[in-house]
Amino acid sequence: MQNKHLISALLLSAVLFFSAAAQNITFWSKLPNEEVAKAITDQMTDAELLSQTFMFGWAGAEPPELLYQWVDRGLGSVKVFGWNTDDIHLVAKSITSLQKRSHSGRFEIPLFVATDQEGGWIRHVKGDTAITPGNMAIGAAGYPADAWYTAYYISQEIKALGINMNFAPTVDLFTVHDSTIIGTRSFGEDPHKAGILGSAFAAGSQAAGVIPTVKHFPGHGDTSLDSHGKLPVINISFETFKERELVPYLYLIEENVPAVMSGHLSYPQIETSGAPASLSKYFLTDLLRKQLGYKGIIITDDMTMVGATSYAGTMSTAFKMALEAGNDIILSSKTSLLDEALWTKNLALMASDASFRQCVKEAAYRVIMAKLQYFKSGNSATLYPDPDEVDKYIPNEEGQKFFLEQACRSVTVEKEGSMPLKNDENGRILLMGSMDSFFKEAKKRYPKAGEFHFSYEIGPNETQWVLDNIGGVAGGYDTVILCVSCENHVKIAQYFRDKGKKVIILCTMSPELTEKLQWADTILLGYSWRCDYSMAAMLGALNGEYTPQGIKPYR
């Protein structure tokens, strides 16, 4: 009898001990990740579970008090957008402040801090961060090492600011060539090449200590519509989808990519309800997780986009459907009010619908597991970046040298014409373009050249003004070097057709812009938006300083 009492007492003591230990568990407890994640999610309130699945951006340079109140509630993630980042020192200060506030919560769970730093023309973190040649330039060169190092140097810069997640690489295919939504954000048309280069990009990001997020699942390349303003409908068969859109993701899943972004994209022949992939259980749970074996977290594209809300009807319904579909993090570019329906309705639903609560809990568990794996890896971004230390890492000196070399590898000769273009053989030269780097690099090679400047994002009125006045300026010149970045620049270039001048086209964006300019003497492709490295590489090639080897990454 005494033994029975002794055993009972010991069992009770053990239960009380482990119960007390569970009550005191935090994110940083020295237990296996699975045990920590389970213990935390088991103890979380419904509000804490739901908050962990939210990611909010904010307007303005500094986070508002409203965002801090969400962090107090248990917000899981924040997003740094381009309008927050002109002062990178302030970015570091803001991230430190948000992480400290999050650490003061009862479980001390750090925030995922994300941004869009794809390279090329999608560069949300400004300041002195690198403007890189971008994905299509990588695709034109064709070297996986270029993708790896591009991600590595980009990630080193944003990591210094405390940003631990990057919404890149983009593996959307360059299927619709005149699309301005994806364009040079794509590695090219070949799905296998996109998969190989995307995998290398993801590996470089992880080596630098930043979580890559491949996007936009299941593929945004076969549409010219922007899901910010309308739900794009991609009307292809499953067979085409399997052999094209899915291929890059198969490569990345094989490499255990840790995060995927779901796109607001409708494939009605595959998901017959017409639901966007971001709200589709078939796409995210049945296909991505179960059939393709994806193990990481799934993050929605911005839920304020019309592509999400037009199908769901309301933001609260869109958030609900996104969680039920299999997303783990729901992204909103704006910080919601504390009492908005997307919060109150879904929190109430957790109390009345056990299956929905379980869905939210599983998402929160996957988010916390991903955080444990990352923040305890020994290679994570600092939680508390020091604004005074930022200038030591940005710009990255090694990256600057690499990006120039990578740009040279990517430059493509679409039409060779009079290359190399030498000063003493081409009469008087006129430079026409919008970017300072174009004129700076061109004047190094052609110091006596004349200049005609117009805007980068030139509108119809300015375009007409240029067309009305260029004749009086260009009459005394024999050769025109014209930098083309948009359709209105093409209209300006067209002025010189059959004017008896030698015309050199330097295309800095989609190669499709040169389709109407094949009459020109020489055409070079640089693929890159406002990139000093690509401009120097194109003008160096034109001047005969090296032989460009890039290949246009589509037929």
Side-chain angles (χ1 to χ4, degrees), residues 53 55 116 167-173 175-176 179 181-182 185-186 191 194-195 198 213-253 257-313 315 317-333 359 363 366:
T53 69
M55 174 184 282
D116 286 279
F167 292 160
T170 297
V171 295
D172 301 310
L173 303 175
T175 306
V176 177
S179 170
I181 306 308
I182 299 302
R185 298 166 70 187
S186 171
T213 306
V214 60
K215 63 186 185 185
H216 305 82
F217 183 82
H220 206 311
D222 194 12
T223 177
S224 59
L225 294 178
D226 184 352
S227 51
H228 284 84
K230 189 174 182 179
L231 175 61
V233 176
I234 301 174
N235 224 337
I236 59 173
S237 68
F238 185 80
E239 195 63 29
T240 299
F241 173 72
K242 182 176 70 173
E243 294 178 358
R244 197 176 66 185
E245 272 73 8
L246 278 187
V247 169
Y249 290 95
L250 295 176
Y251 281 88
L252 284 145
I253 291 168
V257 67
V260 166
M261 174 173 281
S262 60
H264 306 315
L265 305 157
S266 175
Y267 285 78
Q269 289 193 46
I270 300 167
E271 165 63 275
T272 55
S273 71
S278 55
L279 307 183
S280 166
K281 188 173 183 179
Y282 166 75
F283 271 119
L284 303 186
T285 299
D286 297 342
L287 178 60
L288 183 57
R289 288 204 186 279
K290 293 179 180 177
Q291 295 181 40
L292 302 185
Y294 174 65
K295 305 278 192 237
I297 56 173
I298 304 174
I299 305 167
T300 70
D301 207 342
D302 185 0
M303 295 295 282
T304 66
M305 293 181 181
V306 174
T309 54
S310 64
Y311 181 85
M315 187 72 79
T317 302
F319 270 56
K320 169 183 173 289
M321 291 181 69
L323 287 162
E324 291 175 330
N327 292 283
D328 304 304
I329 295 177
I330 317 300
L331 166 63
S332 170
S333 56
C359 171
R366 284 192 291 265

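All values reported here derive from a predicted model rather than from experimental measurement. Along the sequence shown, residues carry numbers from 1. What's counted below: heavy atoms across the whole structure, side chains too, no hydrogens, waters or symmetry copies.
- P248 and R244 make their closest contact through CD-O, 3.4 Å (heavy atoms, listed as atom of the first residue, atom of the second, distance).
- No donor-acceptor contact under 3.5 angstrom links the side chains of Q291 and D286, judged on distance only.
- Between the side chain of Y282 and the main chain of A325, no donor-acceptor pair closer than 3.5 Å is present.
- To the nearest 0.5 Å, atom OG of residue S278 and atom CZ of residue F217 are 11.5 Å apart.
- Between L323 and I330 the shortest side-chain heavy-atom distance falls below 4.5 Å.
- When all heavy atoms of Y251 and G195 are compared, the pair lying nearest together is CB-O, 3.6 Å.
- Atom CE of residue M315 and atom CE of residue M303 lie 7.0 Å apart, to the nearest 0.5 angstrom.
- In plain terms, the two heavy atoms of L279 and A312 that are nearest each other are CD1-CB, 4.1 Å.
- Between G296 and R289 the shortest heavy-atom distance is O-NH1, 2.8 Å.
- To the nearest 0.5 Å, atom OH of residue Y311 and atom NE2 of residue H264 are 14.0 Å apart.
- At least one donor-acceptor pair under 3.5 Å links the side chain of S266 to the backbone N or O of G274.
- The CD1 atom of I253 sits 5.0 Å away from the CG atom of L288 when rounded to the nearest 0.5 Å.
- At least one donor-acceptor pair closer than 3.5 Å links the side chain of S280 to the backbone N or O of F283.
- In this structure, the separation between CG on D222 and CZ on F241 is 11.5 Å, given to the nearest 0.5 Å.
- T170 places no side-chain N or O within 3.5 Å of a backbone atom of D172 that could act as its donor or acceptor partner.
- Between I181 and T223, every side-chain heavy-atom pair lies at or beyond the 4.5 Å cut-off.
- At least one side-chain heavy atom of F167 sits under 4.5 Å from a side-chain heavy atom of L331.
- A heavy-atom distance below 4.5 Å is not found between the side chains of T240 and F238.
- Residues N327 and S262 have side chains that bring a donor and an acceptor to within less than 3.5 angstrom of each other.
- Side-chain contact check for D328 versus I299: every heavy-atom pair is 4.5 Å or farther apart.
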Please test E271 against S273 for side-chain hydrogen bond (donor to acceptor under 3.5 Å, both in side chains), starting from the C-alpha separation and ending with a verdict.
CA-CA 6 Å; E271 165 63 275; S273 71; 3.0 Å; yes
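- Proximity of a side-chain donor or acceptor of T304 to a complementary backbone N or O of S333 within less than 3.5 Å is not detected.
- Residues T213 and V260 have side chains not in contact (no heavy-atom distance under 4.5 Å, counting atoms from C-beta outward).
- Residues M305 and D301 are in side-chain contact: their nearest non-hydrogen atoms beyond the backbone lie under 4.5 Å apart.
- Nearest approach of L284 to A277, heavy atoms of both residues: CG-O, 3.4 Å.
- The aromatic ring centroids of Y294 and Y249 lie 6.0 Å or more from each other.
- In this pair, H216 and H220 present their aromatic rings perpendicular. The plane angle is above 60°, beyond the 30 to 60° band.
- Contact record, L265 with G219: CD1-O, 3.3 Å, taken as the closest heavy-atom pair.
- Between I236 and Q269, every side-chain heavy-atom pair lies at or beyond the 4.5 Å cut-off.
- To the nearest 0.5 Å, the span separating CD1 on I270 from CD on E239 amounts to 10.5 Å.
- Residues K215 and D302 are not paired through a salt bridge, judged by the lack of any N-O separation under 4.0 Å between the basic side chain and the carboxylate.
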